[in-house]
Chemist: 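Have a look at this one before I ask anything.
Along the sequence shown, residues are numbered consecutively beginning with 1. Indexing begins at 1, ligand by ligand and atom by atom, following the structure's order.
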Amino acid sequence: MSPTPLDELFEAAAAGNRRAMGKLLTMVEQPGGAASEVSERAHRQAGHARVIGITGAPGAGKSTITGRLAAASGAERPAVLAIDPSSPLTGGAVLGDRVRMDNHIGSSSFIRSMATRGHAGGLAVAVPDAVRVLDAVGCDPVLVETAGVGQVEVSIAAAADTTMVVVTPGWGDAVQANKAGLLEVADVFAVNKADRPDARGARRDLELMLDLGPEGDWRPPVVLTIATENEGIEALWVEIERHTAHLRESGALGRRRGLRLRNEVVDRIELGLRGRVLQIIDSEAGSKALGRVERREVSPGSAAEALLASSNPQHPEES
Ligand SMILES: Nc1nc2c(ncn2[C@@H]2O[C@H](COP(=O)(O)OP(=O)(O)OP(=O)(O)O)[C@@H](O)[C@H]2O)c(=O)[nH]1
Ligand SMILES: [Mg+2]
């Protein structure tokens, strides 16, 4: 059998062809079309890459650290996914990211930015598929940067084997991280911009908060870094590797990955159900029912119940 165009694309991407990698990522980012075929195929080949999430407040130095880490990893084919949760479609910040990273990153690295808007399914499904493709074509590690401003971003960052949270010196940053739910998801902390006053104070604040937190078999280490000077980056990478080793030895890696896949299936079911909900409400029966609700003949609750019952494929006799 001769290879299909998709075979060839995967082959080229596996050989390190950036255009082919970019093409595959574009394909999974756009729902419909070949997205599911690419995802299907990528999934069968994936599962080897270490996935590292990097999050923290805007401007904390995540991109600079990420680029430096990719280089410090000494890996042959590191990849960076920079997720921009807030940027409009013009993606100015994302472009800035690229420039900052390109300055530090090894030439073998692959960098890709993803803007939030325009993803029908949301980042919850777009990001895992992008990671899957990079993993499948042999990138390792895959570093995923997101600004930790909301719950969605936190959960994306946490959809990694190892989650690193970047904070900076200054009153309240550790407290902010705590409020945003970042403390719970962190496996490793970087106190970046340690060239600024009171970096040690920030570390102490974090250690205190960790003291108060639940006791587990892994205590997140806190590393001081000056990303712009490449200081502390080696130490940071060592801690990330130590965490990977811990996950493997304790068996937690398999559990984490299993849970991640479960969450992804749940997200996809939810997405599919949401589509069905819209179908129901936009149907003839839906608009009829809505009319009755508006005329106050039935309550919204009864209308929803009736629509749900009549649309349930397990009860075709009711429809
Ligand atoms: N003084 C100092 N500046 C730093 C350090 N690390 C990064 N910066 C600077 O901080 C600014 C923001 O850095 P980025 O790496 O873009 O931070 P980011 O967290 O990726 O920012 P967003 O993606 O926009 O949230 C840039 O001007 C960096 O040069 C550091 O260790 N010390
Ligand atoms: Mg950035």
Chemist: So, of the N/O/S atoms that E145 has, which is the nearest one to the Mg ion (ligand 2)?
Modeler: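 For E145, the N, O or S atom at the smallest distance from the Mg ion (ligand 2) is OE2.
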
Chemist: Closer than 4.0 angstrom, basic N to acidic O: yes or no for E207 and R219?
Modeler: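 Answer for the salt bridge query: yes.
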
Chemist: Is it true that R257 and D161 have a side-chain N and a carboxylate O under 4.0 angstrom from each other?
Modeler: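 Yes, charged N to carboxylate O under 4.0 Å.
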
Chemist: Which residues pass the ring-ring contact (aromatic ring centres under 6.0 Å, His included) test with H246, not counting sequence neighbours?
Modeler: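 If we apply the ring-ring contact (aromatic ring centres under 6.0 Å, His included) test to H246, skipping adjacent residues, the hits are W218.
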
Chemist: Within the structure, is a non-hydrogen atom of R196 found at a distance of less than 4.0 Å from ligand 1?
Modeler: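 So R196 does not count as touching ligand 1.
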
Chemist: Under 3.5 Å, N or O to N or O, is I65 touching ligand 1 that way?
Modeler: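 There is no such contact.
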
Chemist: With a cut-off of 2.8 Å, does S63 put an N/O/S atom close enough to the Mg ion (ligand 2)?
Modeler: yes

Chemist: Is it the case that ligand 1 has an N or O less than 3.5 angstrom from some N or O of I226?
Modeler: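 N/O-N/O distance under 3.5 Å: no.
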
Chemist: I'd like to check which ligand 1 atoms, numbered from 1 as shown, lie under 4.0 Å from a non-hydrogen atom of P58.
Modeler: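 It comes down to these atoms of ligand 1: 25 (O).
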
Chemist: Inspect the contact between R77 and D140 and indicate whether a charged nitrogen and a carboxylate oxygen are less than 4.0 angstrom apart.
Modeler: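 Looking at D140 and R77, the cut-off is not met.
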
Chemist: Mind checking what makes side-chain contact (heavy atoms from CB on, under 4.5 Å) contact with D7, not counting sequence neighbours?
Modeler: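 Counting only residues at least two positions away or on another chain, D7 forms a side-chain contact (heavy atoms from CB on, under 4.5 Å) with P3, T4, R41.
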
Chemist: Does R295, at its CZ atom, have more than 12 non-hydrogen atoms belonging to other residues, nucleotides or ligands within less than 6.0 Å?
Modeler: yes

Chemist: Any nitrogen or oxygen of G59, main chain or side chain, under 3.5 Å from a nitrogen or oxygen of ligand 1?
Modeler: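 Yes - when backbone and side-chain N and O of G59 are compared with those of ligand 1, one distance drops under 3.5 Å.
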
Chemist: Could you tell me whether T64 approaches ligand 1 through its side chain, its backbone, both or neither, with non-hydrogen atoms closer than 4.0 Å?
Modeler: both

Chemist: A quick test of your reading: do over 12 heavy atoms of other residues, nucleotides or ligands sit less than 6.0 Å from CZ of R200?
Modeler: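 Counting other residues, nucleotides and ligands, CZ of R200 stays at 12 neighbours or fewer.
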
Chemist: May I ask you to identify, for E145, whether its side chain, its backbone, both or neither come under 4.0 Å of ligand 1 on a heavy-atom basis?
Modeler: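 Within the 4.0 Å criterion, E145 contacts ligand 1 through side-chain atoms alone.
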
